[in-house]
2 protein chains.
Amino acid sequence: MKLKDSKTEEVILDAAKVVFMEFGLYGARMQQIADRAGINKALLHYYFRNKERLFDRVFENALSRYFQNMEVLQDDSLPIIDRIHSYADRFIDFLTEYPQMAIFLIKEVSLNQALFEEKVNSHIKENPSLIAVINQGIQRGEIQFINAMLFFVNLVSLCTYPFVARPIFKVVAAKNDTMWGVEQEIYFRTSIHEFINHKIKPL
Amino acid sequence: MKLKDSKTEEVILDAAKVVFMEFGLYGARMQQIADRAGINKALLHYYFRNKERLFDRVFENALSRYFQNMEVLQDDSLPIIDRIHSYADRFIDFLTEYPQMAIFLIKEVSLNQALFEEKVNSHIKENPSLIAVINQGIQRGEIQFINAMLFFVNLVSLCTYPFVARPIFKVVAAKNDTMWGVEQEIYFRTSIHEFINHKIKPL
DNA sequence: TCATGGTTTAACCAAATGGTTAACAAAAGT
DNA sequence: ACTTTTGTTAACCATTTGGTTAAACCATGA
């Protein structure tokens, strides 16, 4: 009795990802997901029981991808400064590929904090946080003394918010006869690496 | 036939603000708003016809408050550098008072971009954008040559994202035995002023 | 006092929506 | 071949939800 290893589940998850990302847990409609997956609505329930469970899977996947970016912080073959630069780059790559991810996570976390807290714990246990790595770097003298939490918040803000608020920035840019998009990406990245160096390079 | 100048409208708007901010246009329930306002559901429709119109009022108010922070940029009695510092401070004050505002605006903008674009136009016409002011400062030699749009994006990111992602940062901070909240606020502000100086002060 | 018109409510309605059921189709096992 | 399990669907159900209606309430002015 071999499981069919069905691709339907994949198809559903893909469709659900798109719809949940755009409309969130409340805004998304099961019918909409079924339509996008090209299947009957009842099949959604066959595979995932109910909306919340389906959402849970999508959310868990997203969170997984999110934390995957932190792996590079563990790479002991690199100096800590390089790891941080690399982390920022991966983060930006990730958000470039999934621009709606950040706002999706934030929306859902703000609506259901308890769920997130529980889920994030397991991920954090597996991955050392940037904060721990920074403090380690300070102790080793590889980077100058800074408030690690604050640096972390600043860095993540610089990387993430442009994607979160892209719809707003696009309008503002247009009003100022400027562009905001791929054209600017290289400058955007550079500005973040500059920020890192400015903040953490030993004097 | 004097209009009662009813406070009911105010009460409804206050309740709607809270509920819409938390749950968004789709997630909010009219019943929930009515309950919070302590009135019958039908009264909502009596005053605001339907959900969208009510939401529209709340959204417009929020946008208004948001753009109000830009007024200081017009203050010709101040050097441009000071105006930018002041702008950042006002922005942070504003978000401290209404922490959910940023995510609310982003959520709704990303869901209904057309509406936002139309609405934002009128506001932008009345207020000079930070970008225009920066370029003016460059021309006058008050600040060094920079990419104004990029600086704007970076600055707004630094100010806003910590509020947007507060639920996430709180969890991360806790896991690292650090605090993230009012205790850190003064350092947070300082880091942003530092960023401004680092980026725009003439060499 | 009572007529008028704005304000408020309880009861109701139609549509949307998450979820279920029962039947059918397709594989897999024997 | 045929039985059992898995996959899929159309039709249906119960609840939720935005919105309506008709009646009641209440202040005000004649």
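Just so you know, these numbers use all the heavy atoms, side chains as well, and skip hydrogens, waters and symmetry mates. Chain letters run A, B, ... following the sequence lines, proteins first, then strands; residues in each count from 1.
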Report which part of the nucleic acid B/Asn50 touches: base, sugar-phosphate, or nothing (heavy-atom distance under 4.0 Å, all strands).
sugar-phosphate
When all nucleic acid strands are considered with a 4.0 Å heavy-atom cut-off, which category describes A/Ala34: base, sugar-phosphate, or nothing?
nothing
Taking atom [atom2] of [N] as reference, at what distance in whole Å does atom [atom1] of [X] sit?
X	N	atom1	atom2	result
B/Met30	D/dG19	CE	P	6 Å
B/Leu44	D/dG18	CG	P	10 Å
B/Asp35	D/dT17	CG	C1'	13 Å
B/Ile39	D/dC25	CD1	P	19 Å
B/Asn40	D/dA23	CG	C1'	13 Å
B/Tyr46	D/dT21	OH	P	15 Å
B/Phe20	D/dG18	CZ	P	9 Å
B/Lys7	C/dT8	NZ	C1'	14 Å

Out of [options], whichever nucleotide has its closest atom nearest the side chain of [X]:
X	options	value
B/Tyr47	C/dT8, C/dA10, C/dG18	C/dT8
B/Ala42	C/dA10, C/dG18, D/dT8	C/dA10
B/Leu43	C/dG18, D/dT8, C/dT8	C/dT8
B/Lys51	C/dG18, D/dG18, C/dT9	D/dG18

Is the shortest distance from a Lys or Arg side-chain nitrogen in B/Asp35 or B/Arg29 to a carboxylate oxygen in the other one below 4.0 Å?
no
Criterion side-chain contact (heavy atoms from CB on, under 4.5 Å) against B/Leu155, the qualifying member of B/Thr160, B/Ile200, B/Ile192
B/Ile192
C/dT8 phosphate, OP1 or OP2: any side-chain N/O from B/Thr8 under 4.0 angstrom?
yes
Can a side chain N or O of B/Arg29 be found less than 4.0 Å away from OP1 or OP2 on D/dT16?
no
For B/Arg57, the salt bridge (charged side-chain N to carboxylate O under 4.0 Å, His left out) test, sequence neighbours excluded, returns B/Glu9
Could you tell me whether A/Gln74 atom CD has more than 12 heavy atoms of other residues or ligands within 6.0 Å of it?
yes
Aromatic contact, A/Tyr66 with A/Phe91 (centres under 6.0 Å):
yes
